[in-house]
Trainee: 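Okay, here's the structure, questions in a sec.
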Amino acid sequence: MPELPEVEAVAVALRANLTGRRLDGIRVPFAGVLDQSVRRTRSALVGRILSGVHRHGKYLILAFDPEESVDVEAGEIASNCLMIHLRMTGQIFIQDDYTPDKHVHVILDFAGLPVHYRDIRKFGRLTLVDDPITPSALSHVGPDMLEVRFTSWLDRVADRRAPIKAMLLDQGIAAGLGNIYVDESLFLAGVHPLSRPVDLTRDELHEIWRRAKQVLRLAIRHGGTTFLNFANFHGKPGNFRRKLRVYGRAGQPCRDCRNELVKIQVAGRSSVFCPLCQPAR
DNA sequence: AAGATTACCTGAAGGC
DNA sequence: TGCCTTCAGGTAATCT
């Protein structure tokens with residue numbers, strides 16, 4: 001499941017290998033993953049130079065050099081970027097010897113370098129957007145979890161009554177955390193996933209915010225977590241999986257206290273935690 | 001109006 | 001062996 005660290009790994013690799021290259025063509029074996037038509041997507045992007053690669057939360061944004069034919073002063077909006085969300089099972093491969101299978105839905109041909117978009121469950125989307133940094137398509141998404149300041153984040157959660165786990169998963173509050181890193185963050189902070197922000201102290205909330213950033217940065221350094229469906233740019237697995245404290249370890253002993261880890265449902269998601277290290281309030 | 005639930009998809013895994 | 005059910009979870013849409 002690609003979350004912020006996995007998307008960051010893809011962004012770094014694409015940036016290093018594709019910046020300055022021209023997009024020669026787009027092949028679309030399955031158009032259902034495109035938000036716009038194949039014709040519209042091709043006419044907006046083919047022939048243009050990739051100028052930069054950005055990431056916001058779990059969103060990946062490929063920015064192209066400005067299109068001179070668009071009359072901005074006349075109110076025309078340029079589709080300067082391709083925004084990609086991998087959702088559950090999206091993968092991006094670039095190696096030359098990769099043979100597309102039935103799950104490869106889009107191939108971006110960058111000056112002879114094929115970039116394969118593969119997605120078993122077809123949840124991911126590729127969307128034409130206007131601005132590379134603050135696209136209007138992301139107006140409902142909050143600040144990146146790695147960037148948000150504590151006071152800003154606190155303002156967004158302090159008066160909420162849903163479980164803290166639901167708040168951390170809510171991309172409108174801060175973007176980037178998914179089920180894996182939320183469970184890891186709450187374990188490190190020693191907070192029960194059902195705790196409500198209104199019942200937590202400012203110090204406890206600060207610890208959650210700090211641990212979330214810490215676990216994201218650590219996962220980035222390890223190339224992300226390979227669980228079921230993520231592989232990085234070169235098809236190599238990330239190696240953060242063996243560092244996981246609670247995710248995927250229900251029934252196994254807590255790495256700190258050896259008590260058995262428990263799985264419950266919170267915000268519609270399976271949630272693994274340690275009843276001793278993360279006591280209910 | 002926030003919070004909760006469901007739809008979207010496919011493959012792996014477990015039960016019998 | 002094979003059929004069936006359950007589970008996995010990011011986001012948008014739809015409920016209460």
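Protein chains get the first letters and strands the later ones, always in sequence-line order, with residue 1 at the start of each.
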Trainee: Below the 4.0 Å mark, does C/dG9 have OP1 or OP2 next to a side-chain nitrogen or oxygen of A/Lys58?
Mentor: no
Trainee: Please determine whether a side-chain nitrogen or oxygen atom of A/Tyr247 lies at a distance below 4.0 Å from atom OP1 or OP2 of C/dG9.
Mentor: yes
Trainee: Please give, in whole Å, the distance from B/dT10 P to A/Arg121 CZ?
Mentor: 10 Å
Trainee: Are the side chains of A/Leu23 and A/Arg48 in contact, using a 4.5 Å heavy-atom criterion?
Mentor: no
Trainee: How do A/Arg87 and A/His103 order along DNA chain B: which one's closest nucleotide is nearer the 5' end?
Mentor: A/Arg87
Trainee: Got a sec? Which of residues 155-179 of chain A come in under 4.0 Å of DNA chain C, heavy atoms?
Mentor: A/Leu169, A/Gln171, A/Gly178, A/Asn179
Trainee: Which word best sums up how the rings of A/Phe150 and A/Trp153 line up, parallel for under 30°, tilted for 30 to 60°, or perpendicular for over 60°?
Mentor: tilted
Trainee: Between A/Arg160 and A/Asp170, is the closest basic N to carboxylate O distance under 4.0 Å?
Mentor: yes
Trainee: Does A/Arg269 get its side chain close enough to the base of C/dT11, under 3.5 Å, for a donor-acceptor pair?
Mentor: yes
Trainee: Salt-bridged, A/Asp119 to A/Arg87, with N to O below 4.0 Å?
Mentor: no
Trainee: Check the distance between B/dA2's P and A/Arg196's CZ and give it to me in whole angstrom.
Mentor: 16 Å
Trainee: Hey, are the side chains of A/Glu260 and A/Val262 touching, using non-hydrogen atoms and a 4.5 Å cut-off?
Mentor: no
Trainee: What integer number of Å spans the C1' atoms of B/dT5 and B/dA1?
Mentor: 16 Å
Trainee: When you check the phosphate oxygens OP1 and OP2 of C/dG9, does a side-chain N or O of A/Ser270 lie under 4.0 Å from one of them?
Mentor: yes
Trainee: Give me the distance, rounded to whole Å, that separates C/dC3 from B/dC9 when you measure between the P atoms they each carry.
Mentor: 24 Å
Trainee: Distance check needed: C/dG9 P versus A/Ile120 CD1, whole Å only.
Mentor: 15 Å
Trainee: So, are A/Asp183 and A/Arg269 salt-bridged, with charged N and O less than 4.0 Å apart?
Mentor: no
Trainee: How would DNA chain C look in dot-bracket form, 5' to 3', counting Watson-Crick and G-U wobble pairs with both distances under 3.5 Å and writing | for bases paired to another strand?
Mentor: .|||||||.|||||||
Trainee: Checking A/Val46 against A/Ile26 for the side-chain contact (heavy atoms from CB on, under 4.5 Å) test, could you report, in this order, the C-alpha distance in whole Å, the side-chain angles of both residues, the deciding distance, and whether it holds?
Mentor: CA-CA 7 Å; A/Val46 170; A/Ile26 307 177; 3.8 Å; yes
Trainee: If I take atom CD in residue A/Gln91 and atom P in nucleotide B/dT10, what distance separates them, rounded to the nearest angstrom?
Mentor: 15 Å
Trainee: Can you check the distance between C/dG9 and B/dG14, where both ends of the measurement are the P atom (answer in whole Å)?
Mentor: 16 Å
Trainee: If we require ring centres under 5.5 Å and near-parallel planes under 30°, does A/Phe123 stack on B/dC8?
Mentor: yes
Trainee: Less than 4.5 Å apart, side chain to side chain, heavy atoms only: is that true for A/Leu108 and A/Leu82?
Mentor: yes
Trainee: Send over the distance from A/His140 NE2 to C/dA12 C1', rounded to a whole Å.
Mentor: 8 Å
Trainee: I'd like to check A/Leu154 versus A/Arg149 (side-chain heavy atoms, cut-off strictly below 4.5 Å). Are they in contact?
Mentor: no
Trainee: Can you tell me the distance, in whole Å, between the CZ atom of A/Phe30 and the P atom of B/dC8?
Mentor: 13 Å
Trainee: Mark yes or no for whether A/Arg249, through its side chain, and A/Pro253, through its backbone, hold a donor-acceptor pair below 3.5 Å.
Mentor: yes
Trainee: For the pair A/His85 and A/Tyr59, name the ring-plane relationship: parallel under 30°, tilted 30 to 60°, perpendicular over 60°.
Mentor: perpendicular
Trainee: What I'd like to find out is whether the side chain of A/Phe240 reaches to under 4.5 Å of the side chain of A/Val215, using heavy atoms alone.
Mentor: yes
Trainee: Give a yes/no answer on whether the side chain of A/Lys122 brings an N or O atom under 4.0 Å of OP1 or OP2 in B/dC8.
Mentor: no
Trainee: Measuring only between side-chain heavy atoms, which start at C-beta, is A/Asp256 closer than 4.5 Å to A/Cys274?
Mentor: no
Trainee: Quickly work out the A/Asp101 CG to B/dG11 C1' distance and round it to whole Å.
Mentor: 13 Å
Trainee: Rounding to a whole Å, what distance do you find between A/Tyr59:OH and C/dT11:C1'?
Mentor: 7 Å
Trainee: Which pairs, protein N/O on one side and nucleotides 14-16 of chain C N/O on the other, fall under 3.5 Å?
Mentor:
none

